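Quick notes on the structure that follows.
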Amino acid sequence: EVQLVESGGGLVQPGGSLRLYCVASGYTYSSYRMAWFRQAPGKEREGVATIYNNNRITYADSVKGRFTISQDMAKNTLYLQMNLLKPEDTAMYYCAADPRWSLRPLFSKEYNYWGQGTQVTVSS
């Protein structure tokens, strides 16, 4: 059974940083495409960043230059380093995984497996 468990969220002031973690289990981690999504109240789920085989990385325009996605395959762990955080980054952040190739890696429908989410709040 595929399981994804996120952590690392919290309350941070504008301009601050947070690092999110997603520990995966139940499958061969290296064979799956991994991603971070976020969803703010009243808004649709939005793709933030995706990574596959450490050399196929895609970011949403809204986070380019501020967020970095990475992974440690030996630890089955996905990371999202978030710097220069803005109030509009406030959302529930979700880890997602899927074994299939996709031409639209930032679309939520391209992922079958999801974590429970971790809340990120950016406020002074």
Side-chain angles (χ1 to χ4, degrees):
E1 179 186 2
V2 174
Q3 288 192 332
L4 303 171
V5 180
E6 303 97 331
S7 62
L11 173 63
V12 63
Q13 292 186 344
S17 298
L18 277 177
R19 195 181 200 198
L20 304 185
Y21 304 80
C22 172
V23 178
S25 62
Y27 66 99
T28 303
Y29 181 87
S30 60
S31 64
Y32 277 50
R33 174 166 41 85
M34 302 295 296
W36 287 100
F37 285 77
R38 66 186 181 186
Q39 189 166 19
K43 294 188 176 182
E44 293 187 356
R45 190 165 294 190
E46 171 192 24
V48 174
T50 181
I51 186 169
Y52 181 63
N53 276 346
N54 282 333
N55 59 1
R56 298 177 186 268
I57 294 175
T58 305
Y59 292 101
D61 288 343
S62 58
V63 306
K64 282 181 181 176
R66 301 188 298 122
F67 290 11
T68 302
I69 189 172
S70 62
Q71 59 188 356
D72 185 336
M73 292 188 180
K75 296 182 178 179
N76 287 1
T77 300
L78 179 72
Y79 306 98
L80 185 67
Q81 178 65 42
M82 306 186 293
N83 298 328
L84 300 175
L85 282 161
K86 305 174 181 180
E88 51 263 44
D89 294 318
T90 296
M92 185 72 78
Y93 282 70
Y94 298 91
C95 173
D98 200 278
R100 302 167 297 172
W101 171 254
S102 174
L103 293 175
R104 304 181 304 170
L106 288 178
F107 277 75
S108 60
K109 291 184 178 181
E110 300 294 301
Y111 293 84
N112 271 326
Y113 303 102
W114 295 86
Q116 83 289 348
T118 185
Q119 177 67 38
V120 172
T121 302
V122 184
S123 175
S124 55

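For the numbers below, each heavy atom of this structure counts, side chains included, while hydrogens, waters and symmetry mates do not. Note that this is a predicted model, so its numbers are computed, not measured. Nothing fancy with the numbering, it's 1 onward along the sequence.
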Under a 3.5 Å distance rule, please check whether Thr58 uses its side chain to pair with a backbone N or O of Ala49 as donor and acceptor. no
Please report whether the ring centroid of Tyr59 lies less than 6.0 Å from that of Phe67. no
Run the numbers on Thr90 and Ser123 for side-chain contact (heavy atoms from CB on, under 4.5 Å), then give the verdict. CA-CA 8 Å; Thr90 296; Ser123 175; 5.9 Å; no
Nearest non-hydrogen partners of Val63 and Val48, listed with the distance: CG2-O, 3.6 Å
Take Asp89 and Lys86 through the salt bridge (Lys or Arg N to Asp or Glu O under 4.0 Å) test and state the conclusion after the steps. CA-CA 5 Å; Asp89 294 318; Lys86 305 174 181 180; over 6 Å; no
If you define the side chain from C-beta out and look only at heavy atoms, does anything of Ser17 sit under 4.5 Å from Val12? no
Can you list, by chain and residue number, the hydrophobic cluster partners of Tyr94 when the side-chain cut-off is 4.5 Å? Phe37, Met92, Tyr111, Trp114
Between Arg100 and Lys109, the two heavy atoms sitting closest are NH2-O, 4.1 Å
Ile57 side chain near Thr50 side chain, heavy-atom distance below 4.5 Å: no
Which pair of heavy atoms, one from Leu20 and one from Thr118, lies closest together, and at what distance? CD2-CG2, 4.0 Å
Closest heavy-atom pair and its distance - Tyr21, Gly8: CD1-CA, 4.3 Å
Taking all non-hydrogen atoms of both residues, which atom of Pro14 and which atom of Ser124 are closest, and how far apart? CD-N, 3.7 Å
Closest non-hydrogen atom pair, Ala40 against Ala91: N-CB, 3.8 Å
Strictly distance-based, threshold 3.5 Å: is any side-chain N or O of Arg66 a donor or acceptor partner for the main-chain N or O of Leu84? yes
How would you list, by chain and number, every residue that makes a side chain to side chain contact (heavy atoms under 4.5 Å, CB included) with Tyr29, sequence neighbours excluded? Ala24, Tyr27, Met34, Gln71, Met73, Asn76, Leu78
Can you tell me if Ser102 uses its side chain to pair, donor with acceptor, with the backbone of Arg104 under 3.5 Å? yes
So for atom CD, which belongs to Glu88, do other residues, nucleotides or ligands contribute more than 12 heavy atoms lying within a distance under 6.0 Å? yes
Do side-chain atoms of Glu6 reach the backbone of Gly117 as a donor and acceptor pair under 3.5 angstrom? yes
Rounding to 0.5 Å, atoms CD1 (Ile51) and CD1 (Ile69) come to a distance of 5.5 Å
Drop me the distance from Leu80's CG to Cys95's SG, to the nearest 0.5 angstrom. 10.0 Å
Row check, Tyr52 ring normal vs Arg56 NZ/CZ: under 6.0 Å, within 45°: no
Could you check whether Thr68 and Gln81, counting side-chain N and O atoms only, form a donor-acceptor pair closer than 3.5 Å? no
Residues Asp72 and Thr77: side-chain donor-acceptor under 3.5 angstrom: no
